[in-house]
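What follows is a set of notes on a single structure, which appears directly below.
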Amino acid sequence: MTNHKIFKSLYDFIEVNIEPNGLNKTIGMFVDEKGKAYFDNECIYINLEHCEWPSNICKRFGASALTLLIAKIRKSSQTEWKGLPTKYNKNLNALKIKISASISECYKDNLRCNSLKNSDEKRLLILLPILPANKNNNISNVVLSYLAALRENFSNIADYKLIITNELDFSNAPTQTSLVNTSSYHKMVEGYGGNKEDIINLAHDEGFVDKFLYEVNKFSPTHVFVPNFELTCSYLDLLKRKSFCIFMQTNIKNQTPYNYDVYLSCGKVEDVPLATVKGRVWERFNFGYPKFGFLGECNIDNNDNLKLVFVSNRLNTELQPEFLSRINTLMKKFDNVEFHLLGVRNEGQIRGFLAGSFDEDNLLRIKLVGYIDNVGDYLKACDVYVNPTRLGGGVSMALSLYADTPILLNGVSDATNFLDNEGVYNNYDEQFSDLDLFISNPEKLVSLLEKQKKHFLKHNSPYGASCQIVSYLSKAQSNEN
């Protein structure tokens with residue numbers, strides 16, 4: 001990093017980088033151990049944690065633009081910067097807290113007092129910053145399955161709403177994108193027995209916060225549940241003034257910078273770094289996974305080959321060279337092994353990527369599949385779900401168990417929360433050694449599946465998750481009282 005750019009204040013930094021020309025591409029920013037912050041390959045001498053925060057920052061730049069700025073920075077941490085130091089997250093959280101506090105202060109008079117907050121009546125709002133509307137969208141199926149289970153089993157919750165803020169939508173036409181997605185959401189919620197009125201889908205454009213507060217005031221939630229899927233939301237400080245708030249992290253890196261009444265961890269509580277900080281006591285949440293994508297048909301070759309499968313919405317970043325090299329070696333040893341990749345969006349790009357890791361003959365036994373409605377049926381037609389080191393992937397691996405297809409998982413991912421160490425490995429040597437053994441001894445796969453499925457079905461259904469949510473709604477209220 002050779003270019004050095006010095007900003008005298010945080011205000012100057014935002015002034016330069018929040019303008020349209022400053023946000024045409026994803027950006028990267030973090031603070032190193034010496035207090036230097038790197039931004040777009042330029043060194044910025046600024047420490048956001050100790051920088052003075054101008055009181056008029058929200059009025060000057062607007063809530064939507066400020067949120068888009070931190071969303072862009074957050075996105076870059078996943079796509080451009082590798083091996084970020086821990087201070088990056090701490091620094092970004094400091095920026096999010098300051099933005100949230102500024103927005104809250106600007107709009108506090110627009111938030112009506114909630115007369116129902118301490119009543120026996122419960123009105124639940126689930127808040128998500130984005131909910132993609134593609135066929136294989138896992139987040140939407142998970143959240144809508146929770147709403148369905150709550151609606152069917154808990155009459156003490158008077159009403160429900162799901163608000164999608166779309167603050168991670170980087171399109172040039174957020175209103176148009178929102179309208180297109182809304183139609184898809186309505187079909188999905190009706191498929192779970194709900195009404196299209198259960199979902200409020202907002203375009204993240206000018207005047208967004210006013211629209212957001214209008215919907216919140218109209219619904220008047222007593223409780224807010226925030227499942228941390230791609231969380232960037234900078235409006236949570238406002239909700240905390242009105243309702244009891246519950247935060248659920250899907251992995252230990254998703255720790256919130258905001259203050260809630262209850263903190264839930266989908267992983268083991270003892271794995272949460274600094275589990276009790278500033279009164280934050282984390283509790284275990286057994287994440288519930290719905291069964292979907294089983295339509296009774298599957299377009300897959302009906303042969304005797306052993307079919308390995310991997311599912312991802314981010315194949316371009318999650319197909320690691322070492323993982324692919326191991327698959328290639330296995331395919332050279334066993335000529336009856338196929339490798340199926342689901343979730344392909346750019347076939348040419350993926351094929352080019354695979355060509356550098358596989359022998360030419362093995363490439364002929366790799367099947368690329370895009371988004372399909374019958375993902376469950378496809379998994380059922382496969383023999384082993386092979387998962388590389390990555391965060392995420394829990395929903396597709398849960399579907400794999402519903403499909404009676406065992407899982408071999410390397411490292412830590414969302415699925416380690418429900419596999420109970422069965423089929424979970426510390427490195428690729430262990431994972432592929434066992435896979436080699438299982439190919440030669442398929443009866444061992446049957447035994448592994450029985451163990452994985454028994455633990456999963458006992459602890460991780462949508463109904464079980466909804467029971468936990470209800471209990472934590474009451475706990476959030478009792479914590480304040």
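In this chain, numbering begins with 1 at the start of the sequence shown.
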- Message: Restricting to non-hydrogen atoms, name the atom on Q452 and the atom on G423 that form the minimum distance, rounded to 0.1 Å.
- Response: NE2-CA, 3.8 Å
- Got a sec, which pairs hit salt bridge (charged side-chain N to carboxylate O under 4.0 Å, His left out) with one end in residues 394-405, sequence neighbours left out? K380-D404, D404-K453
- Qualifying residues under salt bridge (charged side-chain N to carboxylate O under 4.0 Å, His left out), relative to D377, sequence neighbours excluded: none
- Item | Donor-acceptor contact present, side-chain E215 to main-chain I163, <3.5 Å | no
- Sequence-distant partners of K242, salt bridge (charged side-chain N to carboxylate O under 4.0 Å, His left out), two or more places apart: none
- Qualifying residues under salt bridge (charged side-chain N to carboxylate O under 4.0 Å, His left out), relative to K187, sequence neighbours excluded: none
- Scanning both residues in full, the closest heavy-atom pair of C266 with F287 reads SG-CD1, 3.5 Å
- Task: Using the test side-chain hydrogen bond (donor to acceptor under 3.5 Å, both in side chains), find all partners of K108 that sit at least two apart in sequence or belong to another chain.
- Result: E105
- Just checking, is any N or O donor in the side chain of D261 or Y472 under 3.5 Å from an acceptor N or O on the other one? no
- Message: If we ignore hydrogens and angles and just use 3.5 Å, is the side chain of S243 paired with the main-chain N or O of P221 as donor and acceptor?
- Response: yes
- Message: Ring-plane angle category for F247 and Y260, please: parallel below 30°, perpendicular beyond 60°, tilted otherwise.
- Response: tilted
- Task: Assess the side chains of D210 and Y107: does a donor N or O sit below 3.5 Å from an acceptor N or O?
- Result: no
- Query: With distance as the sole test, does N410 use its side chain to make a donor-acceptor pair with the main-chain N or O of P388 at under 3.5 Å?
  - Reply: no
- Message: I'd like to check the ring-ring contact (aromatic ring centres under 6.0 Å, His included) partners of Y160; sequence neighbours left out, ordered by chain and number.
- Response: none
Could you give the side-chain donor-acceptor pairs of residues 147-154 under 3.5 Å, partners two or more places apart or in another chain?
| from | atom 1 | to | atom 2 | distance (Å) |
| --- | --- | --- | --- | --- |
| R151 | NH2 | D198 | OD2 | 3.2 |
| N153 | ND2 | A149 | O | 2.7 |

- Item | side-chain hydrogen bond (donor to acceptor under 3.5 Å, both in side chains) partners of S396, counting only residues at least two apart | Y385
- Item | Polar side-chain atom of E422 near backbone of L448 as donor-acceptor pair, under 3.5 Å | no
- Apply salt bridge (charged side-chain N to carboxylate O under 4.0 Å, His left out) to K211 and list each qualifying residue two or more places apart in sequence or on a separate chain. D205
- Residue list, side chain to side chain contact (heavy atoms under 4.5 Å, CB included) with S312, at least two apart or on another chain: F310, R314, L315, E318, R390
- Task: Using a 4.5 Å cut-off on heavy atoms from C-beta on, say whether the side chain of F285 contacts that of I469.
- Result: yes
- Determine yes or no for a side-chain-to-main-chain donor-acceptor pair under 3.5 angstrom, with Y263 supplying the side chain and Q249 the backbone. no
- Item | Beyond-backbone contact of N141 with V395, side-chain heavy atoms, under 4.5 angstrom | no
- Query: Just wondering, do L127 and F212 contact through their side chains at under 4.5 Å, heavy atoms?
  - Reply: yes
- Query: Can you name the ring-ring contact (aromatic ring centres under 6.0 Å, His included) partners of F456, sequence neighbours left out?
  - Reply: Y402, F418
- Item | Counterpart residues, side-chain hydrogen bond (donor to acceptor under 3.5 Å, both in side chains), relative to S466 (two or more places apart) | none
- Can you see which heavy atom on V386 is nearest to which on Q431, and at what distance? CG1-NE2, 3.8 Å
- Item | Shortest non-hydrogen contact between V309 and L342, atoms and distance | CG2-CD1, 3.8 Å
